[in-house]
Asks: 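Right, I'll just put the structure down here and ask away after.
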Amino acid sequence: MKHVLLTGANGFVGKVLLDQLLAAGYRVSCACTTPNPSSRAGVEQAVLDIRDPSACAATLERLKPTHIIHLAAISHVPTSFRDPLLTWNTNVIGSLNLLEAIKQKAPDAFVVFASSSEVYGEAFKAGVALDESSPCLPMNPYAASKLAAELAFEQYFKQGVKGVIARPFNHIGSGQSPDFVTASFARQIALIESGKQAPVMQVGNLEACRDFLDVRDVCAAYLQLLELSDGAEHPRVFNIASGQARKIRDILDEMISQSPAAISVELDPQRLRPSDIPFAVGNCDRIRNVLGWQPSISLKETLASLLADWRVRVVAE
Ligand code: A2R
């Protein structure tokens with residue numbers, strides 16, 4: 001039976017991915033920074049700080065996974081500006097600790113590394129959907145740390161470690177922190193509907209175009225990438241993208257149209273990023289051609305489920 005070790009299992013993506021892995025019949029072990037009180041029956045847990053090399057080695061030695069999906073990271077761009085050392089230590093040194101532990105303790109394991117479309121950075125200024133051969137020109141510490149971690153993975157791949165690098169574009173859905181744009185919109189709409197916020201949305205840059213995916217579709221792609229362990233030759237890097245440009249303003253309009261409340265919109269300059277990219281869209285030909293993956297959930301449906309989630313969450317706020 002395939003045994004998947006999931007790092008970052010307590011995060012936004014990790015929780016969705018755990019459900020999908022269990023539904024697909026995998027044995028799953030979760031690595032989290034703190035014990036998870038709501039842990040699932042049959043799921044083994046490891047408390048692990050990936051910045052600790054001996055803890056990584058001990059975890060891999062004990063669990064001996066056949067597959068690893070490495071999600072653990074500082075994933076938030078503004079946090080990476082505020083705390084670059086934490087970001088580099090977690091995203092780069094943490095990945096190196098994991099890679100060294102794989103090489104030493106689970107050398108046959110197949111690893112999927114969750115990098116990010118942010119690695120393309122300035123290359124998005126070309127204004128076209130970027131494929132995996134596009135230059136990587138990171139524009140923030142988070143993106144730079146993910147690209148450095150990719151280089152570490154490439155090195156270990158050359159030394160015999162097996163696996164792939166995924167570059168997911170913006171993924172959204174239930175459970176995401178309101179630090180991210182669509183979750184912020186959904187939270188504010190839910191607060192307005194419940195009378196906890198005046199009917200004015202605070203927004204940042206609405207003109208940017210992004211490639212939005214439902215987190216469930218991204219997790220489905222991770223599951224399909226695991227299947228590459230069964231085959232022979234395969235590419236090392238995969239965009240996970242829809243290929244479709246969506247203006248943030250259109251997303252906001254769609255969400256407001258899904259609410260019965262009368263809502264106006266106000267620009268909050270504090271929500272503007274210092275290095276915002278106007279257009280960030282991915283070419284998804286490779287993953288479609290190699291694995292047959294494509295997004296299956298419409299944006300409208302994703303936004304509806306996001307709003308439904310926040311209508312429940314704001315009750316407790
Ligand atoms: O903050 P916690 O305790 O929930 O743990 C976070 C975990 N994490 C770590 N795990 C082990 N050792 C560390 N030193 C460490 N620092 C952070 O990574 C959290 O459970 C997880 C990241 O979850 P999120 O911030 O919700 O990220 P998300 O959206 O699930 O993204 C997953 C991956 C990230 O690597 C992104 O950069 C990539 O997908 O695109």
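Every number for a ligand or one of its atoms is a count from 1 in the order of the listing.
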Asks: Quick one: does Tyr142 get an N or O within less than 3.5 Å of an N or O on ligand 1?
Replies: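 Yes; at least one N/O pair falls below 3.5 Å.
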Asks: Enumerate the atoms of ligand 1 whose separation from the nearest heavy atom of Phe12 is less than 4.0 angstrom.
Replies: 26 (O), 29 (O), 30 (O)
Asks: Would His171 count as being in polar contact with ligand 1, using the rule that some N or O on each side must be under 3.5 angstrom apart?
Replies: no
Asks: What I want to check is whether the side chains of Tyr156 and Glu100 have a donor and an acceptor closer together than 3.5 Å.
Replies: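 On atom types as modelled, these side chains qualify, holding a pair under 3.5 Å.
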Asks: Checking contacts now, so for atom 17 (C) of ligand 1, which I'm interested in, is there any protein heavy atom under 4.0 Å?
Replies: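 Under the 4.0 Å cut-off, atom 17 (C) of ligand 1 does have protein heavy-atom neighbours.
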Asks: Looking only at non-hydrogen atoms, find the nearest pair between Ser174 and Ser305 and report the distance.
Replies: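 Result for this residue pair: OG-O, 3.6 Å.
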Asks: Count the heavy atoms of every other residue, nucleotide or ligand shown that sit under 6.0 Å from NZ of Lys300, and state whether that count exceeds 12.
Replies: no
Asks: Run the salt-bridge test on Arg167 and Glu132 with the 4.0 Å N-O cut-off and return the result as yes or no.
Replies: no
Asks: Minimum distance, heavy atoms only, to atom 33 (C) of ligand 1: which one of Val16, Leu86, Leu71 is it?
Replies: Leu71
Asks: Between Phe157 and Arg236, is there a cation-pi geometry (under 6.0 Å to ring centre, at most 45° from the normal)?
Replies: yes
Asks: I'd like to check atom 2 (P) of ligand 1 in this structure: does the protein have a heavy atom lying under 4.0 Å from it?
Replies: yes
Asks: Can you tell whether the side chains of Asp250 and Lys247 come within less than 4.0 Å, N to carboxylate O?
Replies: no
Asks: Using a 4.0 Å cut-off to any heavy atom of Asp49, which atoms of ligand 1 qualify?
Replies: 12 (N), 13 (C), 14 (N)
Asks: Using a plain distance cutoff, I'd like to know if Val13 has any nitrogen or oxygen under 3.5 Å from a nitrogen or oxygen of ligand 1.
Replies: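 N/O-N/O distance below 3.5 Å exists for this pair.
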Asks: Using 30° and 60° as the class limits, which term best fits the ring planes of Phe110 and His234: parallel, tilted or perpendicular?
Replies: perpendicular
Asks: May I ask which of Ala73, Ser75, Gly8 has a heavy atom nearer to atom 22 (C) of ligand 1 than the others do?
Replies: Ala73
Asks: List every atom of ligand 1 that sits less than 4.0 Å from any heavy atom of Thr90, numbering the atoms from 1 in the order shown and giving each element.
Replies: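 Answer, ordered by atom number: 14 (N), 15 (C), 16 (N).
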Asks: Among all protein non-hydrogen atoms, which one is nearest to atom 39 (O) of ligand 1, and what is the separation to 0.1 Å?
Replies: Ala114 CB, 3.6 Å
Asks: Going by an N to O cut-off under 4.0 Å, is there a salt bridge joining Arg313 and Asp309?
Replies: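 Answer for the salt bridge query: yes.
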Asks: Going by heavy atoms, is Lys146 under 4.0 Å from ligand 1?
Replies: yes
Asks: Which residue from Pro168, Ser115, Ala72, Ser116 reaches closest to atom 38 (C) of ligand 1 through any of its heavy atoms?
Replies: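 Nearest heavy atom to atom 38 (C) of ligand 1 lies in Ser115.
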Asks: Of all the atoms in ligand 1, which lie at a distance below 4.0 Å from a heavy atom belonging to Arg51?
Replies: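 Selected atoms, number and element: 14 (N).
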Asks: List the steps, then state whether ring-ring contact (aromatic ring centres under 6.0 Å, His included) holds for Phe153 with Phe113.
Replies: CA-CA 8 Å; Phe153 273 87; Phe113 170 52; 4.5 Å; yes
Asks: Do any nitrogen or oxygen atoms of Gly11 lie less than 3.5 angstrom from nitrogen or oxygen atoms of ligand 1?
Replies: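 Between Gly11 and ligand 1 (N or O atoms, distance only) the closest approach is under 3.5 Å.
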Asks: Which value, rounded to the nearest 0.5 Å, describes the distance between Asn140 atom CG and Ser80 atom OG?
Replies: 5.0 Å
Asks: What residue and heavy atom of the protein are closest to atom 12 (N) of ligand 1, and at what distance?
Replies: Ile50 N, 2.9 Å
Asks: For ligand 1, which atoms, with element, lie under 4.0 Å from some heavy atom of Asn10?
Replies: 4 (O), 20 (O)
Asks: Quick test of your reading of the model: are Asp19 and Arg40 salt-bridged, counting only N-O distances below 4.0 Å?
Replies: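 Here Asp19 pairs with Arg40 in a salt bridge, since their nearest N and O are under 4.0 Å apart.
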Asks: Among Leu48, Asn170, Asn97, whose heavy atom sits nearest atom 11 (C) of ligand 1?
Replies: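 Shortest heavy-atom distance from atom 11 (C) of ligand 1: Leu48.
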Asks: Identify the protein heavy atom lying closest to atom 5 (O) of ligand 1, giving its residue, its atom name and the separation to 0.1 Å.
Replies: Thr33 OG1, 3.9 Å
Asks: Could you tell me whether Arg27 and Glu44 make a salt bridge, using a distance below 4.0 angstrom between a side-chain N and a carboxylate O?
Replies: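 Judged by the 4.0 Å cut-off on N to carboxylate O distance, Arg27 and Glu44 do form a salt bridge.
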